[in-house]
Structures are given as structure tokens and as C-alpha cells.
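Here is the structure we will look at, set down as C-alpha cells.
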Amino acid sequence: MSTKKYYITTTIPYVNAEPHIGFALEIVQADVLARYHRLLGEDVFHNFGADEHGVKIYRKAQELGNDPQEYCDEYAAKFDALKQTLNLDYDNFIRTTDSKHIAAAQEFWRKCLANGDIYKKNYKIKYCVGCELEKTDSELVDGKCEFHSSLELEIYEEENYFFRFSKYQKPLLEFYEKNPNFVVPEGKYNEIKEFVKRGLDDFSVSRLKKKMPWGVDIPDDPDQVMYVWFDALVNYISALGWPKDEKKFKEFWPGIQTAGKDNLRQQTAIWQAMLLSAGLPNTKQVFIHGFITVNGQKISKSAGTAIAPNEITDKYGTDALRYYLLAKVHPWEDSDFTWQKFNETYNADLANGLGNLIARVAKLAEKVAQFDPSTSSGQAAEQNKFLDEFRFDEAIKIIWERISGLDKQIEKDQPWKLEQDKLEDVLKNYVDAIRKIATGLQPFLPETAEKILKQFAGPKIKSEASLFPRIK
RNA sequence: GCCAGGGUAGCUCAAUGGUAGAGCAGAUUCUUCAUAAGGAUAAGGUUUGUGGGUCCGAAUCCCACCCCUGGCACCA
């Protein structure tokens, strides 16, 4: 029997801003799942990357006087650097400006076209001369531009390609009914079902090249490029080598996707309709996470609430941030970050809890000649159950209950008063317990888990520097 | 406006009909192997947004109202 395959991919961030801790949440959650399945012995493919086309990036590059590609190179590198900052183990960093991805997006387009789902249509756009921008209906206030209410909007017509989204209302609803766990959490599953039930309109999937050239060329049409969403969504399968590497694609697809709640519709409806159109299997499951607020405010660069992951990791280490994101942030509800809460958590759980326990047992263990080097391995079943439900917080809580349990046991035994042979007995139990704790910690805090397992590997165990020095 | 979710101890949350619980913070105390860390104990909610109702009994069900969050498509 071949090894079980597991594919997990995050959404790929749009590279028009620097990474912040809100995005770190998604990629750390995905990283835990990838590591967890690797530890189960599965063959894992973990994808991450950058979404690089579209008008916003084009304009931003223009403002900076840069070539769009140079701009994307610079920003994609910033996201790829999260691999070190957050200690991520992804296998692939896809960029939507890669030639392989572009070819895949074009092939995907051809499939939808061949299936009759892409057609040309005159499209009326509303244009505000004051802003020099197109306006969508949701941006309008009383039918006028919110910033220039004295100006009438101008109506332009342009011919775009449209995707026959409306055709997929029924197939999508059937798919949802057949796969009640397709979207986690349930609330988001209901939300997307309701959205699709209300009816779907076809939407435009191209832009005129003369207005906005920064996109994937449409096959056999020199005048238009793909609308950024259409090409970006294809990354989940182009990352697997589709359409060329058929073997890899068949092995790993369908996979698991993670996305923020702002991405619900794109991932669970639009992308799924596109897959149906192209005749490809739907995503297995989409996990929708919540948002992080900072001091109760939305994360926003202009409001100064954006915290870069390395602001935290440079000072307190990667695992301190990972712990906060996994244990103190609800997997799918919005959660608040404050430095005060971060410091409290760090001291209570990492310095006083885990770090101190390791230090006290290591010190006691120095008095014992040697330990059996055999380690207990394997993840605890109860922990796995929570991970299968994306309850990172509950899963990690189980480890902290063991930490607290061992602290109580030590207090009860009072090993510092014991004779040498009795001391050895109790310490062997402690060392086993620590190894078990560290093993459980592996998907969550990989660096710390590794350090502990090394320190407690035996036969000789020595005390070492604090894992998490207390914050004064 | 419509739809969904939520308002429970200082903070973060748990408990969906049967005497409101946990963690953190704060208090007292014991201990010393440890990063003044760890253990124990007590306290903490005028009884769970407000006002009604059903029931022997409601945080939990029903009605009304107040407040918060999200969604109601082409911004990614």
C-alpha cells in the first residue's frame, strides 16, 4: 500500500503590503497541520506563495517608479522570508508570475472555455472622473461616488470575458449537501450555502490590456488579460504541477485549503465552480480562520496596528509567537492581540510553565548517573482528535495540562529530599513525561520540541540555558 | 433594512432545562529542585445585556428591546 498523501495549502497573500501577524496566523495553522501529518508518516505537500497580478500591484509599482515584476520580486521575498521567521516547513512557494503557473492558468482557461463557460459580453462600468477610478456598486453612496457626490458617474462600455458562474448554482448546492464538512466552521458553511442559494451572477474574468496589462495573457486574444482572481485561484493546482505532472496532481489533489473569512466566497464558491467547469475534483475541505485585532482595532497599516511577525520573534523567539497564535487565538473567531496579553501569556505558560519545568527536571536529573535513551514516540490520540477538527487551541491545552500535572507530581514526591535510588525511580518517570510532552509539542513549537528532545535524550541529562527567559 | 453569530467573574472563555466552571491576573499560605519559579487554600458573578413569558426548575426555550461582529458579489 502506498503512503497516504496529504496536501495542504494556504491562500497566497496579495503582495501589496508587508506581512503582519494576521497573516502569520493562517500560515502557522497550516504549518501545524502539515507537520502533524508528516509525524503521522503521511506524504505531505505543503504549499504557500504569492499572488502577484492585478491593478493594485500595477499601480503601486507605478507609484514607486518600479517595474511590476521587480516590485513583486521584492515583496514575494518578504513573504518567503516568513519561512525563517515563523519556522515553516512548506515544500513549495508558488508565485503567480512563474511561467509554469501562467501556463497552467491559460490551460485552465481553455478548459472552461471549451466547456462553454467563458463568453464575451459588453460590460458597463461606472467611472468617477474625480477619482479617476472605476467604481463598483458596493462603493457607491446614493448612486454617486462617496468622495465626489457632486459629479455624475460616467458610464463606459467595454467588452470583457465572463465566467458562467450562474450555471453552477445547483451543482454547488448539491456539492455542499453531499459534503457537510466541506467548510469549517459550520457557520461559514451555512453562510456560503445561503449566498449561493440567493442566486449567482456571471462575473467578469478579464481586463482590457491597454488599461491594465499586469496579468496573465488570455489565450488567443492579444487585447485582454485575466482578472487576477481567475489566475490566482489556479495556483492551488499549478503548485502540484498541473497540468503537466499528472501523476503528482492525481496523488495529492484534492487537498485541504486554509483561508481567512474574507476569502470565503472565492475559495468555497468561485474556485469550486471553476473546478467543476474545468472537470476537476473539488477541494476536499476549506478551513476558514478568524481575524486578529490589535488593541481591539482592525489590523491596518495606516492606523499603525499592523505588527510584523519579526517584531515579536526577534525578541521572544519564533515559538513564543507560534504559541500565542495557536493557544491564545481562537481558530476561527476573531481574537485580540495586545502586548500586555502577549507578555502575560509568555510568562505564565512559556517561562513559568514549560520553561521552568524543563529547567527544574534537568537540574534534578543531573544527579542521576544515566537514563535509558529510549524515547516514547507518537502523538496523543486526544490531541490528534482536536487537530482533525482544527482546534489548535484545545489540542495544545492538552499538553499544558500534562505540564501542570508533572509540576504537581514533583511537588508531591519532593525529589530533592529523596535518597539516590528513590530519586532515580521518580526521575525516570519525570523524564518519560517530559519526552512525551516534547513529542506532543512537535507540530506546534518545533524548535522548542527539538531542543527538549535533544536535552532529554540521555543517557546523561544536563541543565541548560532557559528556553524562555522570563520577561520582567 | 434583511440574514447569521454573539453579549457569563478584572481579562479570555466554558457550561444549551436541574444547585453558574476553568485559565490568567490579584490575595493568603507551604515549599526550595527550578527562570522569586512550583504546590495548596480562599475570594471573586447584586445568578449570566434589558424587560416580559413558558416550566416544579432557564445562562440554556419563547417574545420584545438595546449593544457588538460578520455577510448581503466582481476591493484584493
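Letters A, B, ... are given to chains in the order of the sequence lines, protein chains preceding strands, and every chain is numbered from 1.
Distance CH2 (A:Trp400) to P (B:G23): 16 Å, rounded to an integer number of Å. Separating the CG atom of A:Asn122 from the P atom of B:C74 is a distance of 19 Å, rounded to the nearest angstrom. To the nearest angstrom, C1' of B:G23 lies 14 Å from OH of A:Tyr324. For A:Asp393 and B:C24, the CG to P distance is 16 Å, given to the nearest whole Å. Computed from coordinates, the A:Leu264 CG to B:G70 P distance equals 15 Å when rounded to whole Å. Across the protein-nucleic acid pair, A:Lys408 atom NZ and B:A40 atom C1' stand 10 Å apart, rounded to whole Å. Summarising the geometry, the separation between NZ on A:Lys363 and C1' on B:U35 is reported as 12 Å, rounded to the nearest angstrom. The nearest whole Å value for the distance from the CG atom in A:Asn190 to the P atom in B:A4 is 10 Å.
You won't find any donor-acceptor pair under 3.5 Å spanning the side chain of A:Asn352 and the base of B:A37, going by distance alone. With hydrogens and angles ignored, no donor-acceptor pair under 3.5 angstrom links the side chain of A:Glu191 to the base of B:G71.
A 3.5 Å limit on both hydrogen-bonding distances identifies B:A64 as the Watson-Crick or G-U partner of B:U50. Base-pair partner of B:U69: B:A4 (Watson-Crick or G-U wobble, both distances under 3.5 Å). In a base pair of the Watson-Crick type (N1 to N3 plus N6-O4 or O6-N4) or a G-U wobble (N1-O2 and O6-N3), with each distance short of 3.5 Å, B:G18 is matched with B:C56. Under the Watson-Crick or G-U wobble criterion, with both distances below 3.5 Å, B:U41 is paired with B:A27.
Across all strands, A:Lys188 comes closer than 4.0 Å only to sugar-phosphate atoms, never to a base (heavy-atom distances). Using a 4.0 Å heavy-atom criterion, one finds that A:Asn356 contacts the bases of the nucleic acid, with or without backbone contacts as well. Across all strands, A:Ile270 comes closer than 4.0 Å to no nucleic acid atom at all (heavy-atom distances). Within 4.0 Å of A:Val55, counting heavy atoms only, lies no atom of the nucleic acid at all. If you check every strand for non-hydrogen atoms under 4.0 Å, A:Gly199 touches a base. Within the 4.0 angstrom heavy-atom criterion, base atoms lie near A:Gly355. In this structure, A:Pro415 reaches neither bases nor backbone, as no heavy-atom distance under 4.0 Å exists between it and the strands shown. Counting non-hydrogen atoms under 4.0 angstrom, A:Ala359 reaches a base of the nucleic acid. Using a 4.0 Å heavy-atom criterion, one finds that A:Leu200 contacts the bases of the nucleic acid, with or without backbone contacts as well.
Nearer to the 5' terminus of RNA chain B, by closest-nucleotide assignment, is the contact made by A:Leu364 (compared with the other of A:Leu364 and A:Tyr14). For A:Lys367 and A:Gly353, each mapped to the nucleotide of RNA chain B holding its nearest heavy atom, the one lying further toward the 5' end belongs to A:Lys367.
Residue A:Trp229 places none of its side-chain N or O atoms closer than 4.0 Å to OP1 or OP2 of B:C74. At the phosphate of B:C33, neither OP1 nor OP2 sits under 4.0 Å from any side-chain N or O atom of A:Tyr430. Between A:Arg198 and B:A73 there is no side-chain polar atom (N or O) within less than 4.0 angstrom of OP1 or OP2.
Checking A:Asp413 against A:Gln409 by side-chain atom types alone, a donor-acceptor pair falls below 3.5 Å. For the 3.5 Å distance criterion, the side chains of A:Thr283 and A:Gln257 qualify, holding a donor opposite an acceptor.
Taking atom C1' on both nucleotides, B:C62 is separated from B:G23 by 35 Å, rounded to a whole Å. Between the C1' atoms of B:U8 and B:A15, the separation comes to 10 Å (whole Å). Separating the P atom of B:A25 from that of B:C63 is a span of 42 Å, rounded to the nearest Å. If you take atom P in B:G6 and the same atom in B:U16, they sit 13 Å apart, rounded to whole Å. Between the C1' atoms of B:A27 and B:G10, the separation comes to 14 Å (whole Å). Across B:A22 and B:C55, the matching C1' atoms stand 30 Å from one another, rounded to whole Å. Rounded to the nearest Å, the gap between the C1' atom of B:A20 and that of B:U47 is 7 Å. Spacing between B:C67 and B:U50 at atom P, rounded to whole Å, works out to 15 Å.
The aromatic rings of A:Phe182 and A:Tyr176 sit parallel, their planes meeting at an angle under 30°, below the 60° perpendicular limit. Classification of the A:Tyr323-A:Trp400 ring pair by plane angle, with boundaries at 30° and 60°, yields tilted.
Counting heavy atoms from C-beta outward, A:Tyr430 and A:Leu406 have side chains that approach closer than 4.5 Å.
Between atom CD1 of residue A:Ile237 and atom CZ of residue A:Phe108 there is a gap of 5.0 Å, rounded to the nearest 0.5 Å.
Considering only the side chain of A:Lys417, B:U32 comes nearest among B:C24, B:U32, B:A76. For A:Ser404, taking side-chain heavy atoms from C-beta onward, the closest of the listed nucleotides B:G39, B:G71, B:A34 is B:G39. Closest approach to the A:Arg470 side chain among B:U35, B:C33, B:A76 is made by B:U35 (side chain taken as heavy atoms from C-beta onward). Ranking B:C74, B:A34, B:C24 by closeness to the A:Arg360 side chain, first place goes to B:A34. Of the candidate nucleotides B:A73, B:U35, B:A76, B:A76 has the atom nearest to the side chain of A:Tyr227. Taking every side-chain heavy atom of A:Glu411 into account, B:G38 is the closest of B:U69, B:G38, B:C24.
For A:Arg360 and A:Trp416, the positive end is not near the middle of the six-membered ring at less than 6.0 Å and at most 45° from its axis. For the pair A:Lys121 and A:Phe162, the distance from NZ or CZ to the six-membered ring centre is under 6.0 Å and the angle to the ring normal is within 45 degrees.
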Residues A:Asn235, A:Asn47; criterion side-chain hydrogen bond (donor to acceptor under 3.5 Å, both in side chains); working and verdict | CA-CA 9 Å; A:Asn235 94 84; A:Asn47 181 55; 3.3 Å; yes
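Stacking between A:Trp416 and the base of B:C33 is present: ring centres sit under 5.5 Å apart and the planes differ by under 30 degrees.
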